[in-house]
Structure formats: structure tokens, C-alpha cells
Amino acid sequence: MQFEPREQFEQRQKKLEQIQALGMRAYPHEFRWSDTIADLATKFAETPSADLEANQREVRVAGRIVSLRLMGKAGFAHLQGSGKRIQIYVKKDVVGERGFELFKLLDLGDSIGVRGHLFRTKTNELTVRVEEIFFLAKALLPLPEKWHGLTDVELRYRQRYLDLIANEKSREVFVTRPRIIQELRRFLDARGYIEVETPMMHPLPGGAAARPFVTHHNTLDIDLYLRIAPELYLKRLTVGGFDRVYEINRNFRNEGISTQHNPEFTMLEFYEAYSNYRDLMDMNEQLFAELAKKITGSTVVRYGDVDLDFGKFERLSMREAIVKYWPPEAGAAPTVGELSASGGPRAITERYNAWAKSAGAPYAASKGTLSDGEWTGLLFETMAEDKLVQPTILYEFPTDISPLSKQKPDDPSVTERFEIYVAGMEIANGFSELNDPIEQERRFRAQVAQGGEEAPKQVDLDYIRALCHGMPPTAGEGIGIDRLTMLFTDSPSIRDVILFPQLRPEAPSNPEQGTKP
RNA sequence: AGGGGCGUAGCUCAGUGGUAGAGCAGCGGCCUUUUAAGCCGAAGGUCGUGGGUUCGAUCCCCACCGCCCCUACCA
């Protein structure tokens, strides 16, 4: 075992031996503390010096040394724990010869416990006057730079433990993330939802269109797919009488990696029987407003250089969004009627493309022949999606690109489906669930027939069988937790909200590194 | 996959066609209320890797590796 910086590593190993020579264990098994650093920092934040002197309080507290100032026969240090800090003051007269020898052998990064009394220094900082030091663990490697912290993004992702020690902001993100999940659970639990766990390994990938990861079960001798969505299993549960059900867990998609995509990402999916997509839209407005308020303190949330107002959502049908964001330079905007007409979406896209190519704007490139609905979806993504910065509910998605959603009764070319867009990102996707087994089978077979890398290769017949047992009218939705966390923590990349984002494995700098000792 | 950018001490960063510097961390010394402690001293580098151009390359060129951003892919 040997890591850079070698010299400091060896230096610190020697110090650990010297600490043992003082009669202390290298890796002691316990330390009984009376208060956490956070406890002390909050409980005595306002307590005046005179009070501390008059009512001597003995405290026992532990933490990691993050600053160290040794001055001959006394010294100061800061201990950090749970993101909070407290100063300690160590005086040779008080801790004794052996205690002070130990103090001199400590390094930045070491864990110690102290016993002592609280006081305030000349500058009025709350400080523990240490009477006894307990060595707890040695840091054999140095901490990142104390003032600038750790800024190298690669190191921050690869060695997140250092990022969490050194960068307060990063720590806050990963404290906020579970709070968001907690609030989501609270919101759903309060509405009678039941949380479940469905399989992560599927015999057939389904519930979304994406390339799956494949693995193999030896005993059964079958290939299994890491799930790309829990959707079909959760809907089986609504058939089984779980009228309100949700799952928060990982999905895996074998696709590109970007600031908005990680191969594994966390999704909330929930299903509510006897509701439709309109009910979910209303519920979402309430959910997002409440969430923003609880997490950030306001319904208006700063993200990058914009203020996102979760207090009011714009609602647009997909066709309306195309009309609204049609660039005036491309000629007269199409009407919703034209977009609904047979052959209309293709003609309009071609009109848009003619302008986009001449203007150097992104144009809608299609591979192969597309249906009206596919043209509509493609055109929307090309020219409108990134314009949806303020929270927007986009609804009525073409049936051709929504194989699991129920059609609109008065216009079967579109479905009762919506997505929520914020900051140009897709955050949520919900719809009235298609519960007609014959129509569902027809759509599944159409997908399989169409082929393509992301299309299912096989129809999930058990799911059709479940629908044949009768699924009540149900509305369901998925919310991307990672992207939601990005919004509420002002994080520009999904890697900033995932503790250990997927990176290419680190090449070992020497053959020994990276192997267990 | 394509385009752009970056890679210098453990960390944060300067820098130059003539083999490299600062701050922090580390080491030795002084220092009993400091707090980005201070002062004195010494040390630390295959300038991502491999080729090429050149009398000479960390710098210019090419390839590769890694990371970041944009585009593509991702209903």
C-alpha cells in the first residue's frame, strides 16, 4: 500500500508509531461524547463569556482536525463534524506532558476526541479548553488545500469523500437531496400512497424506450436486463388493488452521459387509480410549489442566472408550444389546426427546416419515414423544448410517441399525457394510463415491428394479461429526482447531485494502486 | 461519435523555445488567546503519456490517455 504524496504518507505512518509509543492505540474502538459539534455550536451560540466562566460545563466532543495552529507550548485547532466546526485550545500546563506530546503528533485530517470546558477567546469565539485529548484515527494522507478547497472537478467526482470534507457547498447539495426525497414521500404518504419495491432485474426491458444493460443469472441461465423503468410492474400493482402506489429507486439506461444524463439515475414513479392526467397536473402544481417552499424557502428559485417561479405553471399543449415558439423569421406561424391535419406536421417541419438551415439554427433531422405524431414530437424538441425555462406543463403528446398513454376521446391522434419542463429540462412525465389490453397489445406489436435499437424486441405478454384482469382508470407519473435536485440546489450538472457519478475507471498509476492490500 | 477547451509540486495556481516558480500542506527551529497565525531555514517536479520538428521542447506539431463544455444519441 502506497499513495501519493509518498513522503507525507510515510511521515504520518511514523507519527502513528510515535503515538503508539506514548501508550495509545493506533485505531481505538470507542470514544464517549457528550455533545456533537453541531450541538455545541447551536446551543451555546449566544452564551456570553461570563456565563460560560460562571457555569463551567464539561463537554466531550469528537471531530476531524481541519485547522491547526501550534505555538510552542499551546495551540489551537478546529474540529469539524457534520459540516460544523468548533475551536479547541490545548495548553501544555493543562493537558500535561504526554497530552501535549500527542497534540504535537497530530496532523490536519486526524480524528480526535477532547474533554474540556467551554470558554470564549479574546475574539469571542466559542472554544473548548482541552483537559484531555483522545486520539481516534490517523489521516495518512493530507487534506486538500484549506483555503481554496478542492476545485478539480475530476477529483471532486472520483474522490467525493474529499469533496465532502473540503467543500461546504457540495455537502449541502447531498444534504438537500435526501430532504427532497423525504418531502416527496411525505407528500405521497399523506395522500394514502403505499411505497413498494419492484424488480431491478427484468426478463424483458419495458416501460420506456432505451437501450438496457444486460446481465446474466447463472442458475436460471437467463439474461436479465437492469430495469429502464419500473412502470409496467407498478401498473401490475394497480391491477392488484394497490390503488395508490409509488416507488423511488434507480433506473439504468445504456445511453450517453451528459450534464443531464447518468447511466443510473433515480426516479420517483407513482400511480393513482380513479384519476386522470388533469388531476395529476393539478397535483403537480401543488407538489412543486410546496417542495420549492420547503426546500429553498421560496417558490421562486434561483437557477443559474434565472429565477424559476414554481408558484405558477404555464400550461401548453405540444401543438400550442410549437405555435408559440415558432420563430417569426421563419414566416407565418402554423396553426394548431394545421398541426392536427394529416400530413401537416411534416409540411410544417419542412417549412421550419428550410428557414433553420438558411439561418444556421438547429433543424429537425429525421431518419427514415415518420408519422404525423413523430414529426410533431421532433419539431417540438427541435424548436421549442429549450425555450421552456419557466415551469411549464406541456400536454397532449402525439399517440405515436406515447405507447403507454390513453388517447384523448375527442382526438385519438394525441394522448392524455403531459411532461413538466423547467430550465429546458424534462423533469416529469405523466399520463392517463392506457388500460385497454387490446389497444395496448396493438401498440406493443407496432413497436416491435418498427424495430430499432431502443424498441422492445418482444411483447410483454404478462403485462397484457394483467390488463385483461382489469386495470381501473389510472393516472401515473415519473419524476426525475436527480434533475429535480439540480433545480433546487442550483447545480448545473447531474454529476453535482449524484454522489458517485459514472466516470471512466481511473487508470492505475502503478500496478499496486487500486488493489486491496 | 464530431467540435472546442484543459492537464505544471499532495492541493490551489503562475510561467517560459535555453531542463521550472508562488501560496497552502509537509519537514527542522522559535513562539502559552491563535484563527487564511507569524517569523527563520531546508526540502519537494518524468511540466498527462508516446512520437516528431529543433543545436535544444514543459512551451511548436502529431497521436494516445483522462477530465470539462457544446453538438449528436437519450420518446
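- For the pair A:R6 and B:G10, the criterion of a side-chain N or O lying under 4.0 Å from OP1 or OP2 is not met.
- Spacing of P atoms, B:G7 relative to B:G17, comes out at 16 Å, to the nearest Å.
- Proximity note for A:E4 (side chain, C-beta onward) versus B:G66, B:U34, B:G10: the nearest is B:G10.
- Side-chain nitrogen and oxygen atoms of A:K91 include none within less than 4.0 Å of the OP1 or OP2 phosphate oxygen of B:U33.
- Shown here, B:A1 forms a base pair with B:U71; the pair counts as Watson-Crick or G-U wobble because both key distances fall under 3.5 Å.
- Taking atom P in both B:G56 and B:G41, the straight-line distance is 40 Å, to the nearest Å.
- Residue-level contact check: A:G377 touches neither bases nor backbone, having no heavy atom under 4.0 Å from any strand.
- Not one side-chain nitrogen or oxygen of A:R495 sits closer than 4.0 Å to the OP1 or OP2 atom of B:C67.
- With B:A75, B:U33, B:C11 as the choices, the nucleotide that has an atom nearest any side-chain atom of A:L155 turns out to be B:C11.
- Ring-centre distance between A:F313 and A:F418: not below the 6.0 Å cut-off.
- A cation-pi contact, defined as under 6.0 Å to the ring centre and within 45° of the axis, links A:R278 to A:Y395.
- The distance between the ring centers of A:Y89 and A:F76 falls below 6.0 angstrom.
- Nucleic acid contact class of A:K122 (heavy atoms, under 4.0 Å, all strands): base.
- B:U34: no Watson-Crick or G-U partner with both key distances under 3.5 Å is found in any strand.
- Counting only heavy atoms from C-beta on, A:R504 has its side chain closest to B:G66 among B:C70, B:G66, B:A75.
- Each of B:U34, B:U32, B:A75 was ranked by its minimum atom distance to the side chain of A:K73; first place goes to B:U32.
- Mapping A:D152 and A:L503 onto RNA chain B by nearest heavy atom places A:D152 closer to the 5' end of the strand.
- Looking at the side chain of A:R211, the nearest of the listed nucleotides B:U34, B:C73, B:A75 is B:C73.
- Taking the syn range as angles within 90° of 0, the glycosidic angle of B:U19 is syn.
- The same atom, C1', is picked in B:A42 and in B:C30; the two are 16 Å apart, to the nearest Å.
- Pairing of B:C39, defined by two Watson-Crick or G-U wobble distances under 3.5 Å, is identified with B:G29.
- Annotation: cation-pi pair A:R417/A:F397 present, NZ/CZ under 6.0 Å from the ring centroid and within 45° of its normal.
- In this structure, B:C64 forms a base pair with B:G48, meeting either the Watson-Crick or the G-U wobble geometry with both donor-acceptor distances under 3.5 Å.
- Using a cutoff of 4.0 Å between basic side-chain nitrogens and carboxylate oxygens, A:R158 and A:E154 are scored as salt-bridged.
- In this structure, the nucleotide among B:U34, B:U32, B:U12 sitting nearest to the side chain of A:Q87 is B:U34.
- When heavy atoms are screened at a 4.0 angstrom cut-off, A:F9 is found touching no nucleic acid atom at all.
- Residue A:S258 places none of its side-chain N or O atoms closer than 4.0 Å to OP1 or OP2 of B:A72.
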Below 3.5 Å between N/O atoms, which protein atoms pair up with nucleotides 22-26 of chain B? Just atom names and distances, please.
unit_1	atom_1	unit_2	atom_2	d
B:G23	N2	A:E145	OE2	3.2
B:A25	OP1	A:K146	NZ	2.9
B:A25	N3	A:Q8	NE2	3.2
B:G26	O4'	A:Q8	OE1	3.3

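- In a base pair of the Watson-Crick type (N1 to N3 plus N6-O4 or O6-N4) or a G-U wobble (N1-O2 and O6-N3), with each distance short of 3.5 Å, B:C24 is matched with B:G10.
- Partner of A:I88 under the side-chain contact (heavy atoms from CB on, under 4.5 Å) criterion, out of A:V128, A:I65, A:V61: A:V128 alone.
- Only the C1' atoms considered, B:U46 is 34 Å distant from B:G29, to the nearest whole Å.
- Taking the P atom of each, B:U58 and B:G21 are spaced 15 Å apart, rounded to whole Å.
- Only the C1' atoms considered, B:C64 is 25 Å distant from B:C73, to the nearest whole Å.
- Residue contacts shown for A:P398 are absent, as no nucleic acid heavy atom lies under 4.0 Å away.
- Under 4.0 Å is where a charged nitrogen must lie from a carboxylate oxygen, and between A:E101 and A:K104 at least one such pair does.
- Proximity of a side-chain donor or acceptor of A:R57 to a complementary backbone N or O of A:F119 within less than 3.5 Å is not detected.
- For A:T151, a side-chain nitrogen or oxygen approaches OP1 or OP2 of B:U12 to under 4.0 Å.
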| task | Given side chain to side chain contact (heavy atoms under 4.5 Å, CB included), test A:Y463 with A:Q440 step by step and report yes or no. | result | CA-CA 9 Å; A:Y463 178 67; A:Q440 185 67 79; 4.0 Å; yes
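- One atom, NZ of A:K104, and another, C1' of B:C27, lie 15 Å apart when rounded to the nearest Å.
- Nucleotides B:C40 and B:A57 have their C1' atoms positioned 38 Å apart, rounded to a whole Å.
- In this model, a donor atom of one side chain and an acceptor atom of the other lie less than 3.5 Å apart for A:S67 and A:R69.
- Comparing B:U71 with B:A20, their C1' atoms are spaced 39 Å from each other, to the whole Å.
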